[in-house]
Amino acid sequence: MRPVVVAANWKMNTTPGDAGELARTIAARTVVEGPVERVICPPFVCLAAVGDALRGTGVAVGAQDVHHELSGAYTGAISAPMLAGLASWVIVGHSERRRDARETDELIGRKLHRAAEAGLRPIVCVGEQLAEREAGRADRVVRDQVAGILAAFAADPTALATSRLVVAYEPVWAIGTGRNARGSDASAMAETIRDAIAAAGWPALAPAVPVLYGGSVTAANIGEFLAEPAIDGALVGGASLKPDEMAGIVARAGLTASARVGTGG
Ligand code: PGA
């Protein structure tokens with residue numbers, strides 16, 4: 001049975017002065033009965049404050065990125081060992097980093113490998129551009145992203161198998177735009193992603209990998225995604241800074257999580 005995960009990606013918002021209070025408020029407003037894994041990913045400089053605020057709440061802390069090397073002459077960068085004690089999860093390969101930092105599948109794979117080595121639970125993002133979907137190529141693009149990223153584990157397959165990998169399907173055209181994928185399309189893509197993981201050499205791991213949907217998720221539309229058995233939660237951007245929205249999203253996720261525990265699947 002796959003877990004239900006709701007991860008908040010705060011992106012470049014909040015400061016060390018206000019992040020702790022927001023985290024504490026969200027933690028208090030998202031207490032639900034079902035076993036939902038809650039994660040908050042603030043900017044690097046807010047990790048310590050958010051970690052302090054979340055101690056004892058059951059909400060985990062994640063970073064938004066990690067460097068592909070362990071140390072060295074990389075001005076401004078943060079490596080996996082530096083995150084020890086500050087984060088237990090990490091987002092890797094977000095489309096905004098593909099866009100702004102020119103991250104490639106190969107580089108994202110190296111980052112994922114570093115996260116796995118360090119015991120950071122990775123949320124790896126994949127997703128197509130609008131033109132690619134309109135051209136009927138979304139499936140191919142996402143398959144190629146998965147294959148390109150997982151190639152980093154060709155010589156070390158166990159590291160991926162034990163990484164507790166989570167994948168977020170985030171169609172680029174749905175991020176921050178108020179436009180959503182359809183639940184049925186997101187569900188089909190979740191199956192494509194698991195298929196690609198199996199095809200890349202991890203057939204036993206594939207069915208156990210949680211796939212989240214991301215892209216303008218709100219309390220009002222989360223139900224469409226969680227109604228799909230192939231989808232295991234959400235990676236939430238804009239709405240994750242709003243406690244009311246997070247309360248609604250996690251409440252809905254709690255229903256799914258409870259139902260899964262109840263039915264054993
Ligand atoms: P959004 O962002 O919810 O603001 O669309 C999602 C994400 O980028 O992870």
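Whatever order the structure lists them in is the order used to number ligands and atoms, beginning at 1. Atoms considered below: every heavy atom in the structure, side chains included; atoms not considered: hydrogens, waters and symmetry mates.
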note = of all protein heavy atoms, closest to atom 2 (O) of ligand 1 is K11 NZ, 3.1 Å
task = Quick one: look at N9 and ligand 1, take heavy-atom pairs under 4.0 Å, and tell me if it's side chain, backbone, both or neither.
result = side chain
message = Whether the side chain of R179 engages the backbone of G215 through a donor-acceptor N/O pair (distance < 3.5 Å, no angle test) should be reported.
response = no
inquiry  = Closer than 4.0 angstrom, basic N to acidic O: yes or no for K11 and D100?
reply    = no
task = Check whether any side-chain N or O of W10 sits under 3.5 Å from a backbone N or O of I40 as a donor-acceptor pair, and report yes or no.
result = no
request  = Below 4.0 angstrom from a heavy atom of A174, which ligand 1 atoms are there? Numbered from 1 as shown, please.
outcome  = 5 (O)
request  = Would you confirm whether R97, through its side chain, and D65, through its main-chain N or O, come within 3.5 Å as a donor-acceptor pair?
outcome  = no
ask   = So, the side chain of E224 versus the backbone of G183: is there a donor-acceptor pair under 3.5 Å, distance only?
value = yes
ask   = Heavy atom of S95 under 4.0 Å from ligand 1?
value = no
task = Could you tell me whether the side chain of R121 and the main chain of S88 form a donor-acceptor pair under 3.5 Å?
result = no
request  = Heavy-atom contacts with S216 under 4.0 Å: which atoms of ligand 1 show up? List them by number with element.
outcome  = 1 (P), 3 (O), 5 (O)
ask   = Can you check whether V236 has an N/O within less than 3.5 Å of an N/O in ligand 1?
value = no
query = By number and element, which atoms of ligand 1 are closer than 4.0 Å to a non-hydrogen atom of I175?
reply = 2 (O), 5 (O), 8 (O)
inquiry  = Given 3.5 Å as the limit, does a donor-acceptor pair link the side chain of S95 with the main chain of R98, or not?
reply    = no
note = Looking only at protein heavy atoms, what sits closest to atom 9 (O) of ligand 1 is E170 OE2, 2.7 Å
inquiry  = Under a 4.0 angstrom heavy-atom cut-off, which atoms of ligand 1 come close to G238?
reply    = 1 (P), 3 (O), 4 (O)
message = If the threshold is 4.0 Å, N to carboxylate O, is there a salt bridge linking R24 and E21?
response = no
task = Record the part of S240 in heavy-atom contact with ligand 1 below 4.0 Å; permitted values are side chain, backbone, both and neither.
result = neither
request  = Please say whether H94 places an N or O atom under 3.5 Å from an N or O atom belonging to ligand 1.
outcome  = yes
task = Answer with yes or no whether G215 contacts ligand 1, where contact means a heavy atom under 4.0 Å from a ligand atom.
result = yes
query = Can a non-hydrogen atom of A239 be found less than 4.0 Å from any atom of ligand 1?
reply = no
query = Between Y74 and H67, how do the two ring planes meet: parallel, tilted or perpendicular, split at 30° and 60°?
reply = tilted
query = Distance-only, no hydrogens or angles: does the R260 side chain make a donor-acceptor pair with backbone N or O of V4 under 3.5 Å?
reply = no
Backbone or side-chain N or O of G176 under 3.5 Å from ligand 1 N or O = yes
request  = Just jot down the ligand 1 atoms closer than 4.0 angstrom to any heavy atom of G237, in number order.
outcome  = 1 (P), 2 (O), 3 (O), 4 (O), 6 (C)
